[in-house]
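FYI, the numbering just counts along the sequence from 1. Order of appearance sets the numbers: ligands from 1, and atoms from 1 within every ligand. Just so it is clear, the model here is predicted, and its values are computed rather than measured.
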Amino acid sequence: MIRLLTLILALMPRLIPAPAEMQVRDGSFTPGAGKQVQFVLDKKAGLPAEGYIIDITRSRAKVTASSEAGLFYARQTLSQLEMAGQAGHDVIPGLTGNLPCVYIKDYPRFRWRGFMVDAARHFMSVEQIKRHIDILSQYKINVLHWHLTDDQGWRIEIKKYPPLTQVGAIRTEFDGSVTEGYYTQEQIKDVVAYAAERFVTVVPEIEMPGHSMAAIRSYPELSCEKQPVGNFYTWGSPDIVLCPGSEFTFRFLEDVIAEVAPLFPGKYIHIGGDECKKVRWEKCPACQARIASEGLVADEKGTAEEKLQSYAVRRMEGILAKFGKSLVGWDEILEGGLSPNATVMSWRGEKGGIQAAREGHDVVMTPGSAGLYLNHYQGDPKAEPECYAHHSVLQVPYDYNPVPSELTAEEAKHILGVQGNLWSEYIYSDAMRDYLTFPKMFAVAETAWTPQEKKDFPDFCRRLDAACARLDALGITYHMPLPEQPGGSFSQLAFRDSAVLTFTTSRPMDMVYTLDGTVPTAASARYEGPIVVRESGLLRIASLTSYGKLSPERKVTLEKMEPIPALHPEKLSGKLSVRHTPGRFILPHDIPFGTEWTTLELEDIRKIPKLYPFSGNMQDPKFFAAEAEGYFRVSATDAWQFSSLYDEVWVDGRLVVDNRGEIRKNFRHDGSLVLEKGIHHLRVVFLSNVNGGWTTARNKGEVLVRRAGTEKWRQIEIQ
Ligand code: ACM
Ligand code: ZN
């Protein structure tokens, strides 16, 4: 019975997104001489926008649509239908294979089915952007939101202001390497045309008034202080922003839009508007003069400076209108009031979107909290490659309903659609960009297209296997659920007699493993339940898809050991002995021999990253190295786990947490030792530096400890 069910499911079409209506019939249609798929463009067919009908019997196959877009989407569906019932690896690009007999009436739930790429933090090549357009349009995504300017880079050629790309498109990183790139206007036109052929509208984003350091670096007179600003090699939102008190700012923005608007035939231009700090405006005579002359006063809707942001956004809306464009902005544009024609992109949860829809604005839903931020971890952060933060598995954007239940039917009409955003701060390679985009964007595509009641996550996973096999055929990297350890994955485990290792995956999937050091294969032992280990060795484990592909493997070093004896120091001061020295060090061994140190004692280990004053501004920490040592106590003879963002954590002379050369933003690399009950020696090394754009002076300086097999971490206590 189960085998029969498996067979039937294997033969079921594997369409993503699932169509609005589908009936599967018996048999198949084989195209051949005189028996081709018939495509009919019938404007009077009365189909919804972008909709189509596919009607296939054994003797004929007919596609009807009322628009070219509908025919395009029907072709995408046919191409996926061709694969139904076949092994996932048989990808057929043309329409020559068998098609199952089906009747499909299909149309999108939303008209905005978006994907945002951030080319500003890390540049994305024209080839890669085309590749993403090509793949995502096959899954009926129809908007590419192109984030082209930000603090860390200006990526679009503006002929009137060459320094924007001569200066603003080049960034020297903390370690001296250079990150650069921009699109010429010809390249932009090429991408826009490529997208248009695939029914994808490109919406450019030109950020204002915040996130504009690359522009200010090129033209300091755009800021309130008008002072030169340095190379910007960290993430975060600086407080130096455009000056809305100055007419030059708006002349500049108008000149930029005059060149941008003709490149993008779509209706919308996105003006950013998010995360604009206003402290400089409070002190800027020009901004304060503007507040006075415009009569902007603080009230229950916001401060005078928030009204100034609203003023700047309205001016921007006027500029866009001159060029026939409509404004889209992040939900902060609601601050201080917003003109009715603006469209709001709700990213800080749904609140902004709900408020905007109630006020009559169109809305695109893209809350990070609902899994729409593709730069969030797709699995356990301690097992996944380093990325931004947070943890949202594939099912989160899949289950998301972009129409909040709080809205009336009338208000809900303002929800244009939904969008996945891929911010690129922590994306250092094309492979990582692909890894975070796929397959999560397929879940977003289904949320954007398929009626909510037709969504079914287990069935989506079945269909997803076929989509992933298509990615394999294209050589595209994508996320596969890794074997993860509940309570936090680790790659090293010390134990005394035996230990139990439990693994899960972020969606149901088989796992295979070895304990003899060999690479796991599909034929290796299946993971059936917790693994008991009694000897030192190496556990290698991988997930296994239904189409026979293995995930990247995870390795856990198993270390059987006798307890490290407790120490009996003569005196316990309750303090750490700390030494520190200023300097820019990337790795602990960069600290030169003979360095002069300053010494002090500290009770609280968490104060080490703040030994030198730090304003919280990512760009402006003091760079230094610090080492600290002291004693702590464990309450039982057992294996103990340690977790920290310090560069190194040593216990009794053994390196137990090794974060050297890592970004040190998210806890990873937990390690363990078997310790005898009593006092043990601790030593930590901390480098205040910037790695991959992250400023470690922001770290909390914790060393967390827990008894192996327990869940709760606690802060280590210095004895
Ligand atoms: C955003 O993530 N700052 C829109
Ligand atoms: Zn100003």
Side-chain angles (χ1 to χ4, degrees), residues 114-118 120-121 145-152 203 205-213 215-216 219-227 229 235-250 252-253 270-294 296 304-309 311-313 315 328-335 343-353 356 363-376 387-390 392 419-427 618:
F115 175 49
M116 189 214 79
V117 295
D118 170 7
R121 271 55 175 267
H145 167 178
W146 204 355
H147 187 76
L148 286 165
T149 72
D150 212 300
D151 298 307
Q152 295 84 2
V203 176
E205 180 178 350
I206 304 294
E207 269 266 20
M208 59 78 69
H211 283 297
S212 296
M213 283 285 273
I216 292 168
Y219 291 94
E221 56 270 45
L222 287 168
S223 70
C224 291
E225 279 92 352
K226 313 201 185 317
Q227 295 302 314
V229 292
W235 317 131
S237 321
D239 62 15
I240 300 176
V241 300
L242 299 182
C243 176
S246 150
E247 273 311 298
F248 173 66
T249 299
F250 294 104
F252 167 84
L253 289 169
H270 198 302
I271 59 91
D274 58 316
E275 298 182 311
C276 179
K277 295 191 175 148
K278 300 173 181 74
V279 286
R280 308 267 171 169
W281 297 354
E282 287 166 16
K283 298 194 185 79
C284 169
C287 285
Q288 291 304 316
R290 180 80 80 191
I291 283 172
S293 67
E294 293 295 323
L296 306 174
E305 284 73 25
E306 281 168 354
K307 298 285 176 69
L308 186 58
Q309 151 124 352
Y311 165 84
V313 171
R315 290 271 313 251
V328 190
W330 301 108
D331 57 50
E332 288 92 331
I333 63 172
L334 287 161
E335 286 168 10
T343 297
V344 173
M345 218 168 238
S346 191
W347 71 280
R348 297 175 301 173
E350 293 186 318
K351 213 165 96 264
V363 173
V364 177
M365 280 295 188
T366 180
S369 51
L372 276 301
Y373 270 39
L374 308 174
N375 47 316
H376 292 179
C387 89
Y388 166 67
H390 309 302
S392 89
Q419 178 171 292
N421 297 334
L422 184 60
W423 296 101
S424 73
E425 284 97 329
Y426 296 88
I427 298 179
M618 290 269 275

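- In this structure, H145 has its ring center closer than 6.0 angstrom to the ring center of W330.
- Among all heavy-atom pairs drawn from N421 and N375, the shortest one is O-OD1, 3.6 Å.
- Ring planes of Y311 and F250: perpendicular class, angle over 60° (limits at 30 and 60°).
- Salt-bridge check for K278 with E335: passed, with a basic side-chain N closer than 4.0 Å to an acidic carboxylate O.
- The side-chain heavy atoms of I216 and L242, taken from C-beta on, include a pair separated by under 4.5 Å.
- Around the Zn ion (ligand 2), the protein atoms of type N, O or S that sit closer than 2.8 Å are C224 SG, C243 SG, C284 SG, C287 SG.
- Below 30°, between 30° and 60°, or above 60°: for H147 and W423 the angle between ring planes is above 60°, a perpendicular geometry.
- Those atoms of ligand 1 with a heavy atom of W423 less than 4.0 angstrom away are 1 (C), 2 (O), 4 (C).
- Ring centroids of W146 and H270 are separated by 6.0 Å or more, keeping the two rings apart.
- Inclusion of Y373 in the set of residues having an N or O under 3.5 Å from an N or O of ligand 1 is warranted.
- Contacts between E275 and ligand 1, counted as non-hydrogen atom pairs separated by less than 4.0 Å, involve the side chain only.
- Close N/O approach between D274 and ligand 1 is found [any backbone or side-chain N/O within under 3.5 Å].
- A salt bridge is defined here as a Lys NZ or Arg NE, NH1 or NH2 lying under 4.0 Å from an Asp or Glu carboxylate O, and E247 with R315 meets this definition.
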